[in-house]
Q: 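Before I ask anything, here is the structure I am working with.
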Number of protein chains: 2
Amino acid sequence: MKSFVDYPENSDFSIHNIPFGVAVFNKEYIACCTRIGDLIVDLATLYDYGFFDEINGLDENVFEAYTLNEFIELGKPVTNAVRLKLQQILGEDSKLANDEKSIADCFFELDQVKMMMPVHVPNYTDFYSSIEHATNVGKMFRDPENALLPNWRHLPVGYHGRASSIVISGTDIIRPKGQMKPPGADSPIFGPSKQLDFELEMAFIVNKNTEMGESISTADAEDAIFGMVLFNDWSARDIQSWEYVPLGPFLGKNFGSSVSPWVVTLEALNPFRTASPKQEPEVLNYLQFEGDKNFDINLEVSIQPENGEENLICQSNFKYMYWNMNQQLAHHTVNGCNVEVGDLYASGTISGQDPNSFGSMLELTWRGQNPLQLSNGTERKFIEDNDTVIMRGFAEKDGIRVGFGEVSGKILPAN
Amino acid sequence: MKSFVDYPENSDFSIHNIPFGVAVFNKEYIACCTRIGDLIVDLATLYDYGFFDEINGLDENVFEAYTLNEFIELGKPVTNAVRLKLQQILGEDSKLANDEKSIADCFFELDQVKMMMPVHVPNYTDFYSSIEHATNVGKMFRDPENALLPNWRHLPVGYHGRASSIVISGTDIIRPKGQMKPPGADSPIFGPSKQLDFELEMAFIVNKNTEMGESISTADAEDAIFGMVLFNDWSARDIQSWEYVPLGPFLGKNFGSSVSPWVVTLEALNPFRTASPKQEPEVLNYLQFEGDKNFDINLEVSIQPENGEENLICQSNFKYMYWNMNQQLAHHTVNGCNVEVGDLYASGTISGQDPNSFGSMLELTWRGQNPLQLSNGTERKFIEDNDTVIMRGFAEKDGIRVGFGEVSGKILPAN
């Protein structure tokens with residue numbers, strides 16, 4: 001499959017991808033869009049020009065919207081048909097290749113658009129599904145001999161996060177202030193967090209509303225998942241470690257989370273499926289599943305200090321996840337908890353076995369004990385003011401590349 | 001102050017109250033409303049008839065809406081002016097008393113309306129601010145000698161809850177299924193919760209959007225709080241106790257929470273202010289406050305088994321809260337977490353010192369050790385199928401009564 005649009009071989013946005021997002025075009029007009037190579041394609045205008053006329057169930061111009069929610073809610077039969085149609089429209093033999101007016105009106109250079117939050121997120125849940133991450137954290141904060149808590153291998157541990165502070169890549173994050181209790185201190189102090197961290201995560205977005213009391217089985221889960229984004233779950237470790245008992249993370253997390261602008265569909269990720277890690281002990285029936293439910297997605301994190309170059313500090317992979325998305329969604333709804341279109345479910349920090357693959361500064365520096373050396377001669381225990389953290393992700397196999405682009409965020413000094 | 005509408009002396013909805021809600025009128029028309037005695041007043045039609053013409057800042061008919069959010073967002077200057085205007089319109093000397101057309105068009109009997117969720121809730125947080133409740137739970141599940149965790153007296157512990165499953169009073173709740181680990185069992189089992197519980201709470205609703213990085217001080221908090229509701233934080237104790245480490249409650253809570261339909265404004269609650277409990281040790285600066293920030297609101301809980309009568313099982317009071325709403329909101333935002341109009345912040349279970357005032361079955365029966373005897377000869381350790389739990393709340397002083405009505409919910413058998 002080839003496109004009439006030229007793009008470099010290593011582009012995340014090959015014709016095999018066709019992700020969905022929302023952009024402001026020329027500072028004046030907002031619409032849903034896709035991306036091919038380095039061109040952004042305005043789907044609302046494509047719709048108006050009749051390119052989607054043959055698609056059943058796409059009766060209104062749902063791309064004329066500030067979010068993808070209305071489109072997503074149409075479900076897989078429609079969203080998949082639109083993606084396949086776009087592969088055809090953008091294909092090398094497409095009529096569009098010679099349709100100058102449509103190209104002029106629908107195709108935009110990167111510097112003509114500003115990406116927005118792709119979806120409105122009604123509910124956000126964060127899981128804790130990497131066994132390497134949970135083990136690392138357990139070793140540091142609890143018992144090195146019994147790092148995993150007793151429930152960890154029986155259910156995908158998760159908690160509700162804050163939806164209001166999820167922001168699009170490129171949004172600055174202000175260093176949070178809060179209570180923390182330094183080691184050995186008698187009482188807590190107040191001030192800017194000194195242990196600001198990232199967490200390398202991915203997240204999936206749900207395409208349906210369910211009723212309370214309804215559950216989604218592992219077999220049905222993928223039908224309810226529109227696609228995925230990269231996710232940085234910013235964390236203030238000093239605030240978190242003081243506040244989190246007994247009800248979990250709160251102010252150590254809810255000051256901001258960043259997402260990448262392009263939602264990559266499960267269908268685009270299909271070629272990169274891989275087996276899941278063996279789960280021992282065997283899980284309860286409602287968590288059992290069939291088929292390859294993990295995805296081989298290369299992930300990396302860089303820190304870029306102000307006026308400095310990028311330093312690659314972590315290389316991980318989404319395939320390491322112990323609990324897969326099907327299990328996460330089945331678990332989340334097994335009690336009848338209802339889901340809503342646009343809900344975002346994050347994986348938890350994605351760490352591998354290799355220390356280089358640990359998905360947070362907490363783990364990479366082992367709580368600050370082994371600072372990272374940056375190319376500008378400085379070192380980092382945690383993230384400093386004016387550092388930018390950049391996460392990237394892509395899958396590649398048999399000459400096909402499908403990627404997420406990046407999610408980046410710069411830390412500004414505390415107010 | 002008297003109304004031209006007759007109502008019993010013990011009505012929660014005296015002319016001193018003037019709460020706000022949303023109703024379906026005659027199964028066909030939805031609008032914001034207030035209540036006086038046992039009459040529901042359609043505010044959208046009152047607006048159309050010009051009754052609010054003099055109010056500055058009320059330029060559109062925001063009552064013609066499915067939620068109160070648009071009205072609330074106008075802020076205290078407008079919402080207070082509307083409430084005061086309604087006290088005048090409903091007062092004994094009002095022209096409206098003899099305006100037969102307006103009364104026919106705007107006033108409805110209870111059986112002509114169905115109450116809806118009063119607000120759209122973008123974010124829901126649950127605190128844990130009763131020292132008696134936290135102590136009881138700590139004694140049962142952790143260390144009786146050190147029931148309160150070290151952070152408890154330093155900050156109002158809270159966690160993010162699930163917004164999607166907050167429902168209006170009267171909505172049935174289906175018993176959740178899930179994983180639990182019975183005492184002594186080697187591995188978890190799956191099934192309907194056997195320890196379904198209520199939690200007697202109140203919640204406040206925020207009237208503004210803030211930017212990320214912005215904080216609301218204790219001094220400014222009340223200006224950002226539109227009003228309060230009763231809140232039942234349904235809890236499945238067996239699911240919760242297995243899942244909750246280390247990231248907090250999840251499926252043990254997110255299957256449903258119930259709110260009362262009428263939002264009672266802080267202004268209506270003003271006469272019932274009372275001093276807060278002394279906080280020892282002294283709290284950090286950002287949590288300090290001036291004035292009477294607790295409210296003397298009588299709370300009670302009844303269980304009504306199917307085909308049986310109500311059994312009063314708990315009498316508590318909102319004044320017992322150790323952490324007040326100003327402190328909760330200041331803490332929640334001190335790290336720059338942004339709030340949104342309609343956000344709901346719940347108190348946590350409201351227990352007093354007297355065992356009769358404990359706000360959950362967990363505490364009332366001491367984890368099932370001391371079952372409650374009901375008038376129909378049955379006993380309860382936790383809530384059984386087809387039981388209805390009813391919570392009521394009202395404040396009363398110097399002949400003035402302002403109440404919340406009730407929040408009720410019936411438990412249906414698991415699917």
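The basis for the numbers below is simple: all heavy atoms, side chains too, and nothing from hydrogens, waters or symmetry mates.
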Q: Is B/Leu412 close to chain A through its backbone or its side chain, or both, or neither, when contacts mean heavy atoms under 4.5 Å?
A: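 Interface part for B/Leu412: neither.
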
Q: Go through the atoms of A/Leu251 and report whether side chain, backbone, both or neither lie under 4.5 Å from a heavy atom of chain B.
A: both

Q: Could you check whether the rings of A/His160 and B/Phe250 sit parallel, tilted or perpendicular, using 30° and 60° as the cut-offs?
A: tilted

Q: Can we call the ring centroids of B/Tyr286 and A/Phe190 under 6.0 Å apart?
A: yes

Q: Ignoring hydrogens and geometry, is there a side-chain-to-backbone donor-acceptor pair from B/Asn254 to A/Cys337 under 3.5 Å?
A: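 No; judged by distance alone, with no hydrogens or angles, the pair does not exist.
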
Q: Using a cut-off of under 4.5 Å on heavy-atom pairs, state which of B/Gly256, B/Gly161, B/Gly138 scores highest against chain A.
A: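 Of B/Gly256, B/Gly161, B/Gly138, B/Gly161 has the most heavy-atom pairs under 4.5 Å with chain A.
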
Q: Given that the side chain runs from C-beta out, which part of A/Val167 has a heavy atom under 4.5 Å from chain B: side chain, backbone, both or neither?
A: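 Contact with chain B: side chain only.
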
Q: Looking at A/Gly252, A/Ala134, A/Pro150, A/Ala236, which has the largest count of heavy-atom pairs under 4.5 Å with chain B?
A: A/Pro150

Q: A/Glu214 and B/Asn415: side chain to side chain contact (heavy atoms under 4.5 Å, CB included), yes or no, with the steps?
A: CA-CA 8 Å; A/Glu214 197 179 326; B/Asn415 279 339; over 6 Å; no

Q: What residue, out of A/Glu243, A/His332, A/Glu340, has the most heavy-atom pairs lying under 4.5 Å from chain B?
A: A/His332

Q: Under 4.5 Å heavy-atom distance to chain A, tell me which part of B/Ile239 shows up: side chain, backbone, both or neither.
A: neither

Q: Among the options B/Pro249, B/Gly158, B/Pro176, pick out the one with the most heavy-atom pairs lying under 4.5 Å from chain A.
A: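 Highest number of pairs under 4.5 Å: B/Gly158.
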
Q: Need one label for B/Arg142: side chain, backbone, both or neither, based on atoms under 4.5 Å from any heavy atom in chain A.
A: side chain

Q: Return yes when atom OH of B/Tyr66 has more than 12 non-hydrogen atoms of other residues, nucleotides or ligands closer than 6.0 Å, and no otherwise.
A: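 Not more than 12 within 6.0 Å, no.
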
Q: A side-chain contact here means heavy atoms from C-beta on lying under 4.5 Å apart; do B/Pro246 and A/Leu149 qualify?
A: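 B/Pro246 vs A/Leu149: side chains touch.
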
Q: If you tally heavy-atom pairs under 4.5 Å against chain A, which of B/Leu284, B/Asp126, B/Thr171, B/Asn123 wins?
A: B/Asn123

Q: When heavy-atom pairs shorter than 4.5 Å are enumerated against chain B, which of A/Val121, A/Val157, A/Leu155 gives the highest number?
A: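 Looking at each option in turn, the highest pair count goes to A/Leu155.
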
Q: Look up atom OG in B/Ser164 and atom CG in A/Asp343, then write down how far apart they are to the nearest 0.5 Å.
A: 6.5 Å

Q: Kindly indicate whether the side chain of A/Asn151, heavy atoms from C-beta on, has any atom under 4.5 Å from the side chain of B/Lys181.
A: no

Q: Among A/Tyr244, A/Phe141, A/Tyr159, who wins on heavy-atom pairs under 4.5 Å with chain B?
A: A/Tyr159

Q: As an exercise: rank A/Gly213, A/Gly178, A/Pro188 by heavy-atom pairs under 4.5 Å with chain B and give me the winner.
A: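 Max contact count across the listed options: A/Pro188.
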
Q: How long is the span from the CE atom in B/Met212 to the CZ atom in A/Arg162, to the nearest 0.5 Å?
A: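 Those atoms lie 11.0 Å apart.
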
Q: Verify side chain to side chain contact (heavy atoms under 4.5 Å, CB included) between A/Lys177 and B/Asn335, making sure each step is shown before the conclusion.
A: CA-CA 5 Å; A/Lys177 293 185 288 192; B/Asn335 69 339; 5.9 Å; no

Q: With a 4.5 Å cut-off on heavy-atom pairs, point out which of B/Ala163, B/Ser165, B/Gly336 contacts chain A the most.
A: B/Ser165

Q: With a 4.5 Å cut-off on heavy-atom pairs, point out which of A/Ile174, A/Leu247, A/Asn285 contacts chain B the most.
A: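 Top count of heavy-atom pairs under 4.5 Å with chain B: A/Leu247.
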
Q: Is B/Ser193 in contact with chain A via its backbone, its side chain, both, or neither, using a 4.5 Å heavy-atom distance?
A: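 When you check distances to chain A, no heavy atom of B/Ser193 falls under 4.5 Å.
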
Q: Given a strict heavy-atom distance threshold of 4.5 Å, which part of A/Thr333 is in contact with chain B: side chain, backbone, both, or neither?
A: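 Interface part for A/Thr333: neither.
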
